[in-house]
Every structure is written in C-alpha cells, then in structure tokens.
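Note sheet for the following structure.
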Number of protein chains: 2
Amino acid sequence: MAKKIKIEQDTSTEEKIKEAARKVFSKKGYAATRTRDIAEEAGLNLALLNYYFRSKEKLFELIMMEKVQKLFGVLAPVLNNKNTSLEKKMELIAINYIDLLTVIPDLPLFVLSEIRNNPARFGEKMQVGKLIQNSIFVKQLIKKRPDLHPLQFIMSLLGMTLFPFIARPLFNSVGVLGQKEFDLLMEQRKALIPKWINLILKSK
Amino acid sequence: MAKKIKIEQDTSTEEKIKEAARKVFSKKGYAATRTRDIAEEAGLNLALLNYYFRSKEKLFELIMMEKVQKLFGVLAPVLNNKNTSLEKKMELIAINYIDLLTVIPDLPLFVLSEIRNNPARFGEKMQVGKLIQNSIFVKQLIKKRPDLHPLQFIMSLLGMTLFPFIARPLFNSVGVLGQKEFDLLMEQRKALIPKWINLILKSK
DNA sequence: GTCTATAACCTGATAGAC
DNA sequence: GTCTATCAGGTTATAGAC
C-alpha cells in the first residue's frame with residue numbers, strides 16, 4: 001500500500017511546464033513568447049511541450065483560462081450574496097482584489113491586453129455579462145442610486161482598485177516607486193477605497 | 001510659384017505607412033504585428049516599409065513615441081500651472097483625458113502593455129518621474145492632504161478616468177455595453193469624476 | 001516519457017528590375 | 001520611389017531513437 005506513494009512534489013513535468021508557461025506568457029505576452037523560452041524556463045526539452053499540450057496555442061488557452069478565472073473569481077462569490085449590504089460588497093471586492101494582486105500583480109494587465117490583442121479567442125463570454133447585470137449587487141446599486149448607471153460606480157470601484165496594478169510597469173520604468181513602498185500603499189488602500197466609495201455612493 | 005504646389009493630401013506614402021502602422025500596432029501589439037499586415041493595410045508593398053523606416057523596430061518606436069507623448073501631453077501642461085487650484089487641475093486632467101480617449105480609446109492599454117512586454121525599450125525615463133514628483137500639482141496635493149501619500153489621490157483620479165477605457169475590450173467581448181452607450185457614460189463622467197474626487201480630497 | 005534532429009512554415013529584410 | 005522575387009534566419013511542430 002505504501003509502495004509507490006512518493007509525495008508528489010507537484011514538480012511533475014506537466015506542472016513544471018505550466019509554471020514556466022505562466023511566468024513567460026505573463027511577462028512577454030502570447031505573441032512574443034517562444035516555446036523555446038518556456039522549455040528553457042522549465043529546464044526541459046522543447047518537444048515535451050507538444051507531448052503534454054499539443055501546441056503553443058492550447059497551452060496558452062489553459063493558462064489564460066486560469067487567469068480569467070482568478071480575475072473573476074474575486075467577483076463571483078460576492079455579487080450574489082443576499083446577506084451582505086452594498087457597502088460591504090464593495091469593501092470585499094476592493095480588499096479581495098488587493099490581496100490577490102499583491103501576489104499576482106500582472107494579472108489584470110495580462111488578461112486585458114491579451115483580450116485586446118486577440119478578441120477572437122473570447123467568443124462566447126456573453127453569459128458573463130448577463131450574469132453581472134442580473135446580480136444582486138447591481139440591483140442593490142440601482143436601488144441605492146437610480147439616478148446613475150450602475151457601471152459608473154463599478155468602473156470607479158474597479159478603477160481605484162485595479163488601476164495601480166495595471167499602471168505598475170509604468171511606475172517601475174519611471175522609477176517613482178519601489179516594490180516595498182508600493183505594497184505599503186496598496187495595504188493602505190484596502191481601508192481608503194471602501195471609505196471613499198461610500199462617500200461617492202452617498203453624494204447627491 | 002504656383003507651379004508644383006499640389007495640395008499635400010497627407011496621403012504621402014510615408015504617412016500612409018505610419019497611419020497603417022498606428023492602426024495595426026494598436027490593434028495587435030508589436031509582437032503579433034507582421035510587417036506584411038501593415039503593408040497590406042496601407043495598400044502598399046512590403047519593401048516600402050524598409051525603404052522609409054529601415055526596420056519594423058524603428059517604425060514601431062516612432063509610433064510608440066507619438067503615443068507616449070499623447071498620453072503624457074495631457075498631464076504636462078496642467079501639472080505646473082501656478083494659476084489653477086488643485087481641484088481645477090484634477091478636473092482638467094479628467095476632462096482632457098476623457099476627450100482624448102474618446103477619440104483614441106486604446107491609447108493607455110497599448111502603451112502600458114507594450115511597456116510591460118518589453119520594459120527594456122523604456123530605459124532613461126527616470127526624468128519623467130522626478131518631473132512629476134517636483135510638480136506644483138504634487139506640492140498642492142501634499143499641502144492639502146499631508147496625511148496621505150499623494151499617489152493615493154493620483155491613482156484614484158487616473159484609475160477612475162482611465163480604467164473604463166483600459167477595460168473596454170473586456171466590456172465589448174462580454175457584450176455589456178455598446179459603443180454609443182459607452183461614450184454617453186464617459187461624457188457623464190467628465191462631471192462626475194471632479195465631483196467625486198473633491199469629496200475624496202475633503203474627507204478626513 | 002524524454003531526448004535529438006529535422007521538417008515545414010513564416011517573417012523581416014534586401015537585391016535588383018522598372 | 002515602387003514593385004517582384006528571394007534570401008537568411010527563426011519558429012512551431014513532429015519523427016524517431018532511446
């Protein structure tokens with residue numbers, strides 16, 4: 001029974017390739033990534049990529065799916081919770097995103113730019129739109145502020161929360177902010193954004 | 001004197017190529033763009049690109065320079081104006097950006113993602129950082145709110161203003177918003193953002 | 001499963017005719 | 001200045017040995 005258990009170090013070849021692919025795709029984007037880069041990053045041979053994943057395209061779609069799920073995974077459990085107030089929902093969204101992006105800062109810029117570069121790859125996502133539009137969150141928003149389109153508030157919340165991470169490559173290249181200082185500001189924002197969004201919600 | 005004047009239709013071959021390059025680079029990013037795409041878009045031959053611009057890289061750098069200047073061109077004239085209040089500056093930034101991006105919506109996502117994909121191309125920009133940090137705008141911000149890092153407010157202003165345009169490819173692919181409706185919301189935001197940012201500035 | 005070697009294709013760039 | 005034809009190099013994917 002204990003014969004061939006061997007603790008899977010999740011360093012299986014397949015996982016090694018996926019990890020390398022995450023890193024290289026995120027850094028350079030799909031088009032600029034060569035399969036050789038991924039193989040080298042994984043310390044493996046090029047042929048293995050095709051053995052495990054058939055093609056560069058298929059491997060990318062796998063990684064991309066992961067990323068999109070991570071990005072929407074923050075929203076999904078919050079939007080339709082009947083037991084939380086509108087204000088609490090917005091706070092949760094801000095805090096959860098900042099916590100996530102502190103670990104994976106390039107997530108939103110990666111997903112958004114790949115969608116832009118190749119919208120064809122994102123055909124049948126129409127459902128997501130309806131899902132958000134019919135959410136309890138949006139209903140609460142409309143009830144509280146029937147005078148404005150709910151997207152005005154959603155864009156402001158997400159803008160304040162996600163934009164710093166999207167613009168981070170610029171901050172870095174411009175040398176205006178170090179890694180540590182940035183993380184500190186983001187930690188602060190977890191309290192600031194809910195406060196500020198509440199001001200906006202109440203303003204008439 | 002009126003011999004060979006001929007109204008330059010700015011349809012010179014060189015300009016045709018640049019226009020096509022703007023379009024294709026913006027749509028697909030540097031790496032995914034083939035010089036053949038640009039030539040075809042311009043209705044011209046591939047060899048002309050190299051005749052006029054030496055290489056794909058040189059042509060791209062030209063376009064990129066234009067785009068970066070457009071993006072920072074909104075900030076530059078506002079930041080060091082001694083005759084405008086902090087509040088007025090923020091209003092101008094929001095309004096000018098929305099007006100600009102209504103015409104060139106993909107500008108910020110293009111610039112940010114290319115910087116991310118190839119930070120090496122943006123080496124000696126350190127000056128820009130200092131220029132912003134020493135601006136009158138930042139001084140006014142620190143004086144008004146010495147309790148918080150000025151970037152907390154700048155990120156919020158730019159996030160609220162730029163994020164809708166950055167996330168637009170997603171909105172489109174998700175089918176949540178039409179072109180016309182989007183433009184209407186942005187027009188509304190020109191009044192909303194200054195109002196909201198003022199609330200944030202005053203909050204203690 | 002993993003490797004080397006190579007096929008098949010594509011891309012940026014140029015030579016040379018007009 | 002503009003075109004066609006082509007080269008040189010790089011890229012994905014696969015065949016086949018181990």
Side-chain angles (χ1 to χ4, degrees), chain A residues 3-65 110 113-114 117-118 120-121, chain B residues 3-65 110 113-114 117-118 120-121:
Chain A
K3 199 172 171 187
K4 224 187 167 183
I5 291 285
K6 242 190 191 178
I7 296 148
E8 233 344 305
Q9 307 175 11
D10 77 353
T11 18
S12 65
T13 299
E14 192 171 341
E15 188 50 41
K16 266 192 227 161
I17 294 173
K18 277 166 76 174
E19 190 51 38
R22 275 181 212 113
K23 188 168 171 180
V24 182
F25 278 139
S26 296
K27 186 173 169 184
K28 313 213 285 184
Y30 174 78
T33 294
R34 295 166 305 154
T35 51
R36 281 168 171 77
D37 299 335
I38 298 176
E40 193 182 354
E41 174 72 33
L44 291 169
N45 190 276
L46 205 169
L48 274 305
L49 300 218
N50 295 296
Y51 177 77
Y52 281 99
F53 301 97
R54 245 183 73 96
S55 73
K56 176 188 176 183
E57 177 88 19
K58 296 262 183 220
L59 175 56
F60 177 77
E61 272 166 14
L62 204 78
I63 303 299
M64 189 66 179
M65 199 73 72
F110 173 73
S113 64
E114 291 300 334
N117 291 351
N118 194 344
R121 258 200 283 262
Chain B
K3 198 174 173 187
K4 223 187 168 182
I5 291 284
K6 240 190 192 179
I7 296 149
E8 230 348 302
Q9 308 175 10
D10 77 355
T11 18
S12 65
T13 299
E14 192 171 340
E15 189 50 41
K16 266 192 227 161
I17 294 173
K18 277 166 76 175
E19 190 50 38
R22 276 181 210 110
K23 188 167 171 181
V24 182
F25 278 139
S26 296
K27 185 172 168 185
K28 313 213 284 184
Y30 174 77
T33 295
R34 294 166 306 153
T35 51
R36 282 167 170 80
D37 298 335
I38 298 176
E40 192 182 353
E41 174 72 33
L44 292 169
N45 190 276
L46 205 170
L48 274 305
L49 300 218
N50 294 297
Y51 177 78
Y52 282 99
F53 301 96
R54 245 182 74 94
S55 72
K56 177 187 176 184
E57 177 87 19
K58 297 263 183 221
L59 176 56
F60 177 77
E61 272 164 16
L62 204 79
I63 304 298
M64 189 66 179
M65 200 73 75
F110 173 73
S113 64
E114 291 300 335
N117 290 351
N118 194 343
R121 259 199 282 261

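Just so it is clear, the values below take in all heavy atoms, side chains as well, and ignore hydrogens, waters and symmetry mates.
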Protein proximity profile, nucleotides 5-18 of chain C - base contact B, sugar-phosphate-only contact S, no contact -, cut-off 4.0 Å on heavy atoms: ------BBBB----
Partners passing side chain to side chain donor-acceptor pair (under 3.5 Å) against B:Glu14 (at least two apart in sequence or in another chain): none
Spacing of A:Tyr52 atom OH and A:Lys18 atom NZ [to the nearest 0.5 Å]: 12.0 Å
NZ/NE/NH1/NH2 to OD/OE distance under 4.0 Å, A:Arg22 and A:Glu19: yes
For A:Lys23, side chain to side chain donor-acceptor pair (under 3.5 Å) partners two or more places apart: A:Glu41
Under-4.0 Å salt bridge between A:Glu61 and A:Lys58: no
B:Asn45: side-chain contact (heavy atoms from CB on, under 4.5 Å) partners, not counting sequence neighbours: B:Ala47, B:Leu48
Sorted by number, the residues of residues 13-29 of chain A with heavy-atom contact under 4.0 Å to DNA chain D: none
Any residue meeting salt bridge (Lys or Arg N to Asp or Glu O under 4.0 Å) with A:Glu40, in chain and number order, not counting sequence neighbours: none
d(CG, B:Leu49; C1', D:dC3) in whole Å: 13 Å
Under 3.5 Å: donor-acceptor pair, side chain of B:Lys56, backbone of B:Thr33: yes
